[in-house]
Amino acid sequence: VQRPGSGEDGIRHTACQTVGGSKTNINKAAFSRSHCDTIRNRKNALKKYCFSDPFGLISQYKNILPKKSIYHGGIAMQKLEKLYEGKAKQVFATNDPEIVMVHYKDDATAFNGLKKGTIAGKGVINNQMSNRLMAYLEKQGIPTHFVKELSERETLVKKVSIVPLEVIVRNIAAGSFSKHYGVEEGVVFEQPTIEFSYKNDELGDPLLNTYHALALKLATPEEIKTIEDYSFRINDALKAFWLTCGVTLVDFKLEFGRLSDGTIVLADEISPDTSRLWDSKTHEKLDKDRFRRDLGGVEGAYAEVMQR
């Protein structure tokens, strides 16, 4: 066998196999980019011309055929080592130091990990919904970490250093707000409220105020002001969006991160995991409260929100 060069250039050369002292040429045009735009087509072209490959020609070419790659900014992205695994997601490094790959899981937790379970298909819904909402917010002038959706469960995002402040925006009394302040669930606020919690699982994510955040050096005054402004703008945008879907945005949690240049952007996710979403007419819960409170129909609620 006459072995061509490596890579795609090698595929464009004429490959020969010796049969009884004679040479059988494989037309190099069959391997050109115009005839074989995908890896699968190139492999099929080899099989078509070499039939059963009795002399191992395909096996010799197999290792030099270019593998399918995901491109971003002209760079073939590679999924490298796992950097982090949380309750709902895994984060992987890529060959671009400013980009990471996020994989969404079906694992579900509540009450700071005290309750655990699985919601079938949750990772797919959260990934795709979060990406769509991030893209929507970008159009509203809110910078986010979103880069590109890769598959049902995986997305490229900008690498950030998470600001350890969880931001909760509330439009209607529910959950811990009702419990802590004795307000009946369902009371609509005249204006939205915002609260911070210290993102620390070991401490149970305690509530804190701006002065606490500054004392703990979790963020600068300018960063806190930016985060507050973005949070209220996000609330306005998402309330309007969900209203068109027949859904009321009760409350939601946000996380922000710093890019390598210090720019604050919206990070993490926006999904039924991080938002309370009620049917506008029936007030049926369409979010993770169905898991928290053992209401049943969790998968159906997530699917219903995604369909809307």
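Because only heavy atoms are used, hydrogens play no part in the values below, and waters and symmetry mates are left out as well, while side chains stay in. In this chain, numbering begins with 1 at the start of the sequence shown.
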Side-chain heavy atoms under 4.5 angstrom apart, residues restricted to Ile, Leu, Val, Met, Phe, Trp, Tyr: same cluster for [X] and [Y]?
X	Y	value
L150	L133	no
L266	V160	no
Y211	Y198	no
I264	L216	yes
L137	V305	yes

Donor-acceptor contact present, side-chain [X] to main-chain [Y], <3.5 Å:
X	Y	result
S130	S271	no
D205	N200	yes
T248	V250	no
N95	A76	yes
N171	F252	no
E223	T220	yes
R170	I194	no
T282	E284	yes
N131	N127	yes
E138	T144	yes

Within a strict 4.5 Å, meaning less than it, do heavy atoms of the [X] and [Y] side chains meet?
X	Y	result
I119	E299	yes
E166	E255	yes
I234	V169	no
Y84	Q90	no
L214	I224	yes
L156	M77	yes
D107	K116	no
E154	K79	yes

Give, for atom [atom1] of [X] and atom [atom2] of [Y], the distance between the pair rounded to the nearest 0.5 Å.
X	Y	atom1	atom2	value
L259	K159	CG	NZ	12.0 Å
L165	L208	CG	CG	6.0 Å
I227	F196	CD1	CZ	6.5 Å
T109	K288	OG1	NZ	4.5 Å
I168	R276	CD1	CZ	10.0 Å
E304	D279	CD	CG	7.5 Å

Does K122 make a cation-pi contact with Y104 (under 6.0 Å, within 45 degrees of the axis)? no

Closest approach of [X] and [Y], non-hydrogen atoms and distance?
X	Y	value
D287	P272	CB-O, 3.6 Å
P143	G141	CD-O, 3.5 Å
N126	E269	ND2-OE1, 3.4 Å
F92	H103	CE1-CB, 4.1 Å
R258	A219	NH2-CA, 3.8 Å
V100	L83	CG1-CD1, 3.9 Å

Would you kindly say whether E98 and S260 are connected by a side-chain donor-acceptor distance under 3.5 Å? yes

R233 and D236: CA distance, side-chain angles, deciding distance, salt bridge (Lys or Arg N to Asp or Glu O under 4.0 Å) verdict: CA-CA 5 Å; R233 288 173 58 190; D236 289 341; over 6 Å; no

Applying side chain to side chain contact (heavy atoms under 4.5 Å, CB included) to V91 and K82, what does each step give before you reach the verdict? CA-CA 6 Å; V91 180; K82 184 165 66 176; over 6 Å; no

CA sep, side-chain torsions, deciding dist, call: Y302, F291, ring pair (Phe, Tyr, Trp, His ring centres under 6.0 Å): CA-CA 11 Å; Y302 275 58; F291 172 77; 9.2 Å; no

Determine whether D289 and R293 satisfy the following criterion, salt bridge (Lys or Arg N to Asp or Glu O under 4.0 Å), listing intermediate values before the conclusion. CA-CA 6 Å; D289 266 353; R293 304 182 185 185; 3.6 Å; yes

Does a sphere of radius 6.0 Å around [atom1] in [X] hold more than 12 heavy atoms from other residues, nucleotides or ligands, not counting ones at 6.0 Å or beyond?
X	atom1	answer
K115	NZ	yes
F111	CZ	yes
E81	CD	yes

In R153, E85, K89, the residue satisfying side-chain contact (heavy atoms from CB on, under 4.5 Å) with K105 is E85

Short N-O contact, K87 and D201, less than 4.0 angstrom: yes

I99 vs V147, side chain to side chain contact (heavy atoms under 4.5 Å, CB included): CA-CA, chis, key distance, verdict: CA-CA 8 Å; I99 302 292; V147 175; 3.9 Å; yes

Full working for side chain to side chain contact (heavy atoms under 4.5 Å, CB included) between F177 and V183: CA-CA 7 Å; F177 188 96; V183 181; 3.9 Å; yes

Do the ring planes of F256 and Y230 sit parallel (below 30°), tilted (30 to 60°) or perpendicular (above 60°)? parallel

So S178 and E184, side chain to side chain donor-acceptor pair (under 3.5 Å) or not? Walk me through it. CA-CA 6 Å; S178 294; E184 182 181 358; over 6 Å; no

Determine whether the aromatic ring centres of F146 and Y136 lie less than 6.0 Å apart. no

List the steps, then state whether side chain to side chain contact (heavy atoms under 4.5 Å, CB included) holds for D268 with K253. CA-CA 10 Å; D268 196 46; K253 175 181 74 71; 3.5 Å; yes

